[in-house]
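Notes follow the structure.
When reading the values below, keep in mind they use all heavy atoms of this one structure, side chains included, and skip hydrogens, waters and symmetry mates.
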Amino acid sequence: MDKEPNAQDEAAPVNWQEFVGAWLKELKAADEEEKGWREDAQKAVDLYRGGKTGRTATSGAVFNIYHANVEVLGPALYNSTPKPDVRRRYSDGDEAGKIVSQVIERGLSFSTDQYDFDDVMQQCTQDGINCSRGIARMRYEPVITMGADGTPAKIDESVRAEYVPWKAFRRGPGRVWSDVSWIAFEHYLPKTEIEKLAPDLASRSDMPYRYSSGGIKDVDDGSPNPDAPGRRMHVWEIWDRDSRRVVFVSPDFAEQPIAVIDDPLGLVDFYPIPRPLQLLKTTGSLIPVTMLSTYEHLIRELDETSKRIIKLTKQVRVRGGIAGTTLDLKAIAEADDGELVQLTTADSALSTMAGGIEKMIAWFPLEPTVRAISELMVARDTIKQQIYEVTGIADIVRGATKATETATAQQLKAQFGSVRIQKHQGEVARFARDLFRIKAEILCEKFEPQTLVTMTGVNIDANLVGLMRSDQMRAYRIDIETDSTIRNDVVRNQEQMALFLQGTAQYLQAVGPMVQQGIVPAGEAVKLFTAFARAFKLGKQAEDTLEALGANAEKAQIIPPQMIEAEKAKAEVALKQQQTMAEIEMKKGEIGQKLQTDAVKAGNDARALELERQKLDLERARLAMEDERWRAELNTRTRDASMKDAREREKAAANSAPPMIGPMM
């Protein structure tokens, strides 16, 4: 704390009551500026929870598609723990920058594994989807003990990300984040926490411990027992960037601030939070826009249509009436499945008509109701599709597809249907990267060198400590990034690795012969290759291997002059041998071509003789067939002539025979 709140500066006395009042006015103005958004955000949260509170127009939705959309978007935006990727900014031979990068990366990895970082990111992502504002802050927690000489000493220290509920955050005015001059966090602190901030104030009888542990204010405005379980004080923690101080004030205690503390972390941007995660935004304003507000009217229409479908479905029951003494259409309409209601005596004639029992029963008509349900189902599907178009949730993201769609069609749908989701994914990745950068800054500025050595296993000297704690030098020489927060990016990484291997093969194929012939020095070829390789994320081990390869190539290319002349003469002899072998191969080719031409000519002659032989065989076969045909025709004619001659002889014999004489009587 820079000074006690009740202390008076002789040159410029501080009116602490006005000081507290001014901050409370700032907080009230911040509330008013974002009042509309906070109402929309609460409405979205209530609808996501199923409308159990009943405080909004959209609560109690029958078809809660909003909840389903949030559940789809959540894993699509964040489903994989990011890993720190710290490296030298310019990928040159900066050995000190290399060691510092290694220390920071290992420190980030270790500190992230010490708590549930995924839970923080998932809560911020869900707030980003529901409310379009996700916030997390970094907390530095040293464990300090008093040494034997009475001086404080740190025995342990940690840094962790902490989720901040969207309701518990306020900001100063501004059109862009860099204009915001203050931020504030809302707390309900017990007496033990107040004692850490202001021991003299914690036990005062007029301190307003008026809230329960759940943040609910007591009806009694008196000051209950602060030592009772669950008693809390309403406190705002304000980070004022202009004065680089942290101010704690309570709306229920306007006499003075609870505490005023000088810059506790010493961060370059002062704030312990990155720019909030905001999925929907408008230019020139920091007020978020909830996703629900963009299609709330469609959700209401969908809910109304679903309610009508439910009501009509309840009416689809088989019921009717029979001949009786009374007429009650209402009873027929409200009859249960299979229930029969008596009709009037006027309808008793049904029993005497042809058709028997079927004519005695009048069934309630169902066709109009069934048609209405069918039309409403179509209308509901249309509204759902409109919602998907507004939100940008493509069919392939929801896992829905058609059997008739090709793989190419699905790929195009995923590529173009998820453009807006990719934008949101980039915002989540940016938020995670900024959290890592704040954590890295705290590691470098606040952690003891021995703690870093223990965490990372890397020895660092005084020069490296100076580099780590120099904001400008660290920013100039070190770049802190994260890998993707989406598992699907593994496929893209594999594609990049395939491109690297393909490019390496092409490079070696093109440059290798020139290195062997001495046209390109080996060291320069390796330098070109390392410059090409650093465009890919190959990891630290691969980078170390490339550096060692370059150093070995530099040593190998230092050759004495006499060896250079010998290599030159050897190259000339090899060149002449290559020319001689080329001439021999050329002669061989000419001789082979001539032999091939002669063989082709001989083959053509042989084919001509074969064609003539085939023609003679065909002619011989034709003549044989002609001879067979004439022989068959001659035989046929001979047979016909013989048969005709025989018939004529039989006829002549019959004409020349004597007449027949019968027996004598």
* To do: Give the C-alpha distance, both sets of side-chain angles, the deciding distance and a yes or no for ring-ring contact (aromatic ring centres under 6.0 Å, His included) between Phe248 and Trp236.
  => CA-CA 6 Å; Phe248 291 84; Trp236 284 97; over 10 Å; no
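- With hydrogens and angles disregarded, a donor-acceptor distance shorter than 3.5 Å links the side chain of Arg469 to the backbone of Cys444.
- Between the Thr294 side chain and the Met291 main chain, a donor and an acceptor come within less than 3.5 Å of each other.
- Although no hydrogens or angles enter the test, the distance criterion places a donor-acceptor pair under 3.5 Å between the side chain of Arg437 and the main chain of Ile480.
- Each salt bridge (charged side-chain N to carboxylate O under 4.0 Å, His left out) pair with one or both residues in residues 266-282, not counting sequence neighbours, appears once here: Arg275-Glu427.
- For Thr391 (side chain) and Ile387 (main-chain N/O), a donor-acceptor pair under 3.5 Å exists by modelled atom type.
- Between Leu24 and Pro251 the shortest heavy-atom distance is CD2-CA, 3.9 Å.
- Of all non-hydrogen atoms in Val268 and Arg244, the two that sit nearest each other are O-NH1, 3.9 Å.
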* So Tyr163 and Ile135, side chain to side chain contact (heavy atoms under 4.5 Å, CB included) or not? Walk me through it. -> CA-CA 6 Å; Tyr163 164 70; Ile135 307 164; over 6 Å; no
* **side chain to side chain contact (heavy atoms under 4.5 Å, CB included) between Glu445 and Leu267, intermediate numbers included** => CA-CA 8 Å; Glu445 296 288 347; Leu267 301 175; 5.8 Å; no
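- Heavy-atom contacts from other residues, nucleotides or ligands closer than 6.0 Å to CZ of Arg106 number more than 12.
- The aromatic rings of Trp37 and Trp166 lie perpendicular to each other, with more than 60° between the two planes, well past the 30° mark.
- With values rounded to the nearest 0.5 angstrom, Arg160 atom CZ is found 10.0 Å from Arg139 atom CZ.
- Look at Arg204 and Glu255 and you find a salt bridge, because one of the NZ, NE, NH1 or NH2 atoms lies within 4.0 Å of a carboxylate O, short of that distance.
- The CG atom of Leu280 sits 11.0 Å away from atom CG of Leu292, with the distance rounded to the nearest 0.5 Å.
- The residues Lys43 and Glu39 are annotated as not salt-bridged, no charged nitrogen and carboxylate oxygen being separated by less than 4.0 angstrom.
- Proximity of Cys131 to Pro288: side-chain heavy atoms (C-beta onward) are nowhere separated by under 4.5 Å.
- Here the OH-CG distance, from Tyr66 to Leu302, works out to 15.0 Å after rounding to the nearest 0.5 Å.
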* Before giving the answer on side chain to side chain contact (heavy atoms under 4.5 Å, CB included), spell out for Leu366 and Gln315 the whole-Å C-alpha distance, their side-chain angles and the decisive distance to 0.1 Å. => CA-CA 8 Å; Leu366 298 179; Gln315 297 179 19; over 6 Å; no
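- Ring geometry for Trp182 against Trp23 counts as perpendicular: the plane angle is over 60°, on a 0 to 90° scale with 30° as the lower cut.
- With respect to Lys446 and Glu441, no salt bridge is recorded, no charged nitrogen being found less than 4.0 Å from a carboxylate O.
- Contact between Asp179 and Arg241 at its shortest, heavy atoms only, is C-NH2, 4.0 Å.
- For the residue pair Glu186 / His234, a side-chain donor-acceptor distance below 3.5 Å is found, with atom types taken as modelled.
- Taking the six-membered ring for Trp and thresholds of 30 and 60 degrees, Phe117 and Tyr115 have ring planes more than 60 degrees apart, a perpendicular arrangement.
- Without hydrogens or angle criteria, Gln425 side chain to Ala76 main chain gives a donor-acceptor distance under 3.5 Å.
- Side chains of Pro84 and Thr112 form no contact here, defined as non-hydrogen atoms less than 4.5 Å apart.
- The existence of a salt bridge linking Asp40 and Lys35 is excluded, since no basic side-chain nitrogen approaches an acidic carboxylate oxygen closer than 4.0 Å.
- Of the possible donor and acceptor atoms, none in the side chain of Arg231 sits under 3.5 Å from a partner among the backbone N and O of Pro190.
- Residues Val260 and Pro257 approach most closely at CG2-CG, 3.9 Å, considering heavy atoms.
- In this structure, Asp85 pairs ionically with Arg87, as a charged nitrogen and a carboxylate oxygen lie closer than 4.0 Å.
- Side-chain contact between Leu376 and Leu312: present, with at least one pair of heavy atoms (C-beta onward) separated by less than 4.5 Å.
- Shown here for Leu279 and Gly128, the closest heavy-atom pair between the two residues is CD1-O, 3.4 Å.
- With respect to Arg308 and Glu375, no salt bridge is recorded, no charged nitrogen being found less than 4.0 Å from a carboxylate O.
- A salt bridge does not link Arg170 to Glu26: none of the charged side-chain nitrogens sits closer than 4.0 Å to a carboxylate oxygen.
- Residues Gln126 and Gln122 form no side-chain contact, since every pair of their non-hydrogen atoms from C-beta on lies 4.5 Å or further apart.
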* Just do the side chain to side chain contact (heavy atoms under 4.5 Å, CB included) check on Thr282 and Ile287 with the steps written out, would you? => CA-CA 8 Å; Thr282 56; Ile287 301 176; over 6 Å; no
* Report the C-alpha separation of Phe431 and Tyr78 in whole Å, then their side-chain angles, then the decisive distance to 0.1 Å, and conclude whether the ring-ring contact (aromatic ring centres under 6.0 Å, His included) test is met. => CA-CA 11 Å; Phe431 183 73; Tyr78 181 86; 9.9 Å; no
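- With values rounded to the nearest 0.5 angstrom, Ile194 atom CD1 is found 5.5 Å from Ile258 atom CD1.
- Using modelled atom types, one finds a donor on one side chain and an acceptor on the other under 3.5 Å when comparing Ser243 with Asp240.
- Closest approach of Val164 and Arg137 over heavy atoms only: CG2-CG, 3.8 Å.
- Around atom CZ of Arg175, no more than 12 heavy atoms belonging to other residues, nucleotides or ligands sit under 6.0 Å away.
- In this structure, a donor-acceptor pair under 3.5 Å is absent between the side chains of Asp127 and Gln123.
- Without hydrogens or angle criteria, Ser109 side chain to Glu105 main chain gives no donor-acceptor distance under 3.5 Å.
- Taking the six-membered ring where the residue is Trp, the centroids of Tyr295 and Tyr388 are separated by 6.0 Å or more.
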* To do: Take Asp381 and Gln385 through the side chain to side chain donor-acceptor pair (under 3.5 Å) test and state the conclusion after the steps.
  => CA-CA 6 Å; Asp381 289 340; Gln385 188 59 40; over 6 Å; no
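- Expressed to the nearest 0.5 Å, how far NZ of Lys311 lies from OG of Ser306 amounts to 12.0 Å.
- Rounding to the nearest 0.5 Å places OH of Tyr209 at 4.0 Å from CE of Met233.
- Judged as a ring pair (Phe, Tyr, Trp, His ring centres under 6.0 Å), and not counting sequence neighbours, the contacts of Phe447 are Tyr140.
- Inspection of the Glu71 and Tyr48 side chains reveals an N or O donor paired with an N or O acceptor under 3.5 Å.
- In this structure, Glu34 pairs ionically with Arg171, as a charged nitrogen and a carboxylate oxygen lie closer than 4.0 Å.
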